[in-house]
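Notes to accompany the following structure.
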Number of protein chains: 2
Amino acid sequence: MRETVTAKDVAKLAGVSQSSVSRVYFEGASVSEKTKKRVKEAAEELGYRPNVYARSLITNQSKIIGLVMKGVQNPFYAQALKRFSSLFKKHGYSVLFVYTNNDEIQQEDVETLLNYNVAGVVVTDATMLFSVGEEFKKNNIPLVFFNRKLSTENFYSVCCNNIDASRSIAKYLLSKGASELVLITGKVDTSTSIEREKGFCEVLDHQKVPYRIYNSDYTYEGGYHTAMTVLKEKRLPSAIFVANDIMAFGVIDALRKNGVRIPEDTKIVGFDNIDMASWPAYELTTWEQPIEEMINETVDYLMNEIASYTGLVRDIEVDGKFIERKTT
Amino acid sequence: MRETVTAKDVAKLAGVSQSSVSRVYFEGASVSEKTKKRVKEAAEELGYRPNVYARSLITNQSKIIGLVMKGVQNPFYAQALKRFSSLFKKHGYSVLFVYTNNDEIQQEDVETLLNYNVAGVVVTDATMLFSVGEEFKKNNIPLVFFNRKLSTENFYSVCCNNIDASRSIAKYLLSKGASELVLITGKVDTSTSIEREKGFCEVLDHQKVPYRIYNSDYTYEGGYHTAMTVLKEKRLPSAIFVANDIMAFGVIDALRKNGVRIPEDTKIVGFDNIDMASWPAYELTTWEQPIEEMINETVDYLMNEIASYTGLVRDIEVDGKFIERKTT
DNA sequence: CTGAAAGCGCTTACAG
DNA sequence: CTGAAAGCGCTTACAG
């Protein structure tokens, strides 16, 4: 049987009341140093550990953050997972990991989050029905979309400045003499893909430079296949902007396999600057997402809202930077 | 304020006792279809959700599995994370994700797991003090080491049959005419690296084929640097067995960068068969870890132990298979 | 099958 | 600062 030492047991051994024991473990309660010491000693001896369930039942609060994630396979999100976990731990929170297979958070997952009365939630690469978001609001649970933005401006989101970034990429490619371009998008309904397309095309339209758009899906395989499609057409573009790095690797591999030299025959630019982008096999020119800053912004917001809920809604955009390597 | 509908409220609306409401939501309790229906309707109307904290407080059980992971950056573990999450969800369990930066699980993380009274824990790529393991045992919490094995045979573990696998790899390389070999190990104190070294060397020793061992760390960068060291020596080995795929990519990149042709000048074999191994940039010959089976074994054990704790201890080994691609 | 009641291990007014 | 007591929202014997 699971041994269970309670505050009462500790109280008896320490010769104080159960309430005093409780106060020693409850932040902000007032206890004298003397009883604190006595309690700690007794607790140590007995192996006492406050019961989080009893505590949560009373305080109606938890020390858990819900982290909703789909694309763990993309190193960008793996990195995010790592940093979020470390940071939340530092703040005293544990993470309830909710893997969602669908683009949209399922009701089942929402129930889980609500059941555990999570202190806050971060959604990294999924969308959510409007009504679902309202459920969190109704319960005063802060929620932030990380690297994603909902069209209904009703939630807090933290992204990189995708539009400016892709404008810069377009300008850079033009300055390199690109005269006919291709854009390979990510999943078409994601905010990141939409914005990267917008900034990129805006500049090209303005300069009256011709370009073609191919819709893909943010995966290596998607990039690979899309590149094959591009190859089937007669003209090879002078440059390709691929909406994320992992897809760009697929594009590069497909192109190379077909004898296309990079950057001589065509230039490639990715987006994210994941670790792999600097690998000798790729040395990909890309846009660095300021992941650390983005995560800090996310966690700061969450911690503030947990401390005192305001329901503040904003779209935060952090600037990244261009990283030139050997694919351009 | 967070709205809070309790069983009492539902009871009043449904015209039954609070206990009956409780029984409707407690698996195994006996309730008539009639009251069940009435309760469900009232609950629906009020938006009732049983409080998991109150439930856990009483039952002294939780529906949470602790998943301890370090190497999220390695696609092998990202894949595992994904599958574990899906599977546990299917079984009605949520996952408490515990990221550990150290090779060894820290006391702080153990406290978290114990505080939440997790139903079970899986440790994927970290080790643990013996005493820590005992703490879980004392609380009848089943624990399994996934893709890792402790030398003290006191825990349940699920691995691929590393020794047989690396024996096969050595034999294969010999059959391909390799006459002087190199082994690049993973982190030296991990069971997987130790076993892969053991199986590989055993065959070579037996055949009296010369080889050299270089210790590395299971990361891309480690593989890259180790390969550079290998290159500094005069003779290029005719084949290199790299203890995991991600490291093998680093080795390949370093070698290619220095004009070494693969497989003409030297052959490379990895281990894991992560998705990337089939990418055109690498097309790595490797050993496929039966990850799906390994995960199923892990989850099955955990679910059985949760249903009725036996404390069974065993080292499970699942066979993988050789995947020949273009690096040999 | 159902209800009244005790109790899980805490927090938190309320007095002192 | 401290203790006695109420109560958080459930589960679970115990009767009926």
Side-chain angles (χ1 to χ4, degrees), chain A residues 1-43 46-64 111 114-117 119 139-140, chain B residues 1-43 46-64 111 114-117 119 139-140:
Chain A
M1 303 302 105
R2 313 199 171 181
E3 126 246 42
T4 163
V5 179
T6 72
K8 206 170 156 190
D9 302 324
V10 177
K12 189 180 287 176
L13 182 61
V16 299
S17 74
Q18 183 267 131
S19 340
S20 287
V21 174
S22 172
R23 288 190 182 101
V24 171
Y25 291 92
F26 192 73
E27 214 174 335
S30 50
V31 230
S32 67
E33 277 308 316
K34 198 173 118 201
T35 62
K36 191 177 212 161
K37 183 161 171 287
R38 289 227 304 255
V39 168
K40 288 263 181 195
E41 280 170 7
L46 262 30
Y48 171 67
R49 184 178 299 119
N51 184 314
V52 295
Y53 295 107
R55 175 174 291 178
S56 284
L57 174 58
I58 305 226
T59 61
N60 202 22
Q61 294 186 113
S62 78
K63 284 292 208 175
I64 302 177
E111 295 295 334
L114 258 18
N115 280 343
Y116 283 102
N117 194 15
N139 290 287
N140 286 8
Chain B
M1 301 303 102
R2 314 201 169 178
E3 126 246 44
T4 163
V5 179
T6 72
K8 206 170 156 190
D9 302 324
V10 176
K12 188 179 288 176
L13 182 62
V16 299
S17 74
Q18 183 267 130
S19 341
S20 287
V21 174
S22 172
R23 289 191 181 100
V24 171
Y25 290 93
F26 193 74
E27 214 174 334
S30 49
V31 231
S32 68
E33 277 307 316
K34 198 172 119 203
T35 63
K36 192 177 211 162
K37 183 162 171 287
R38 289 229 301 253
V39 168
K40 288 263 182 196
E41 280 169 6
L46 262 29
Y48 172 67
R49 183 178 300 119
N51 184 314
V52 296
Y53 295 107
R55 174 174 292 176
S56 284
L57 174 59
I58 304 228
T59 60
N60 203 20
Q61 294 186 111
S62 77
K63 285 291 208 177
I64 302 178
E111 295 294 333
L114 258 17
N115 280 342
Y116 283 102
N117 194 14
N139 291 286
N140 286 8

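Given the structure is predicted, the values throughout are model-derived calculations rather than measurements. First the proteins, then the strands, lettered A, B, ... as listed; each starts at 1. Values below: every heavy atom of this structure, side chains too, minus hydrogens, waters and symmetry copies.
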The complete set of salt bridge (charged side-chain N to carboxylate O under 4.0 Å, His left out) pairs with one or both residues in residues 28-37 of chain A, sequence neighbours excluded, reads Lys37(A)-Glu41(A)

So Tyr25(B) and Tyr48(B), would you call those rings parallel, tilted or perpendicular, with 30° and 60° as cut-offs? perpendicular

Ordered by number, residues from residues 52-59 of chain A within less than 4.0 Å of DNA chain D (heavy atoms) are Leu57(A), Ile58(A)

Outermost contacting nts on DNA chain C, any atom under 4.0 Å from chain A heavy atoms, listed 5' then 3', are dG9(C) to dA13(C)

Sorted by chain and residue number, the side chain to side chain contact (heavy atoms under 4.5 Å, CB included) partners of Ser22(B) (sequence neighbours excluded) come out as Gln18(B)

Minimum heavy-atom distance between [X] and [Y], given as atom pair plus value:
| X | Y | value |
| --- | --- | --- |
| Arg23(B) | Val31(B) | O-CG2, 3.8 Å |
| Asn117(A) | Asn60(A) | ND2-O, 3.0 Å |
| Ala42(A) | Ala14(A) | CB-CB, 3.9 Å |
| Leu46(B) | Val5(B) | O-CG2, 3.3 Å |
| Val39(A) | Val10(A) | O-CG1, 3.8 Å |

Donor-acceptor contact present, side-chain [X] to main-chain [Y], <3.5 Å:
| X | Y | result |
| --- | --- | --- |
| Tyr53(B) | Ala54(A) | no |
| Asn51(A) | Thr6(A) | no |
| Arg49(B) | Asn115(A) | no |

Pairs under 3.5 Å (Watson-Crick or G-U), crossing ones as [ ], inter-strand ones as |: DNA chain C comes out as |||.||||||||.|||

In numerical order, the residues of residues 23-37 of chain A whose heavy atoms come under 4.0 Å of DNA chain C are Arg23(A), Phe26(A)

**Study point:** Sub-4.5 Å side-chain heavy-atom contact between Arg38(A) and Val16(A)
**Key:** yes

(message) Heavy atoms only, 4.0 Å cut-off, all strands: where does Ser20(A) land among base, sugar-phosphate and nothing?
(response) sugar-phosphate

* Base, sugar-phosphate alone, or nothing: which one does Val21(A) contact when heavy atoms must sit under 4.0 Å apart? -> nothing

The reported gap from CD1 in Ile58(A) to CZ in Phe26(A) (rounded to nearest 0.5 angstrom) is 9.5 Å

Heavy-atom nearest nucleotide on DNA chain D taken for Gln18(A) and for Gln18(B); more 5' hit belongs to Gln18(A)

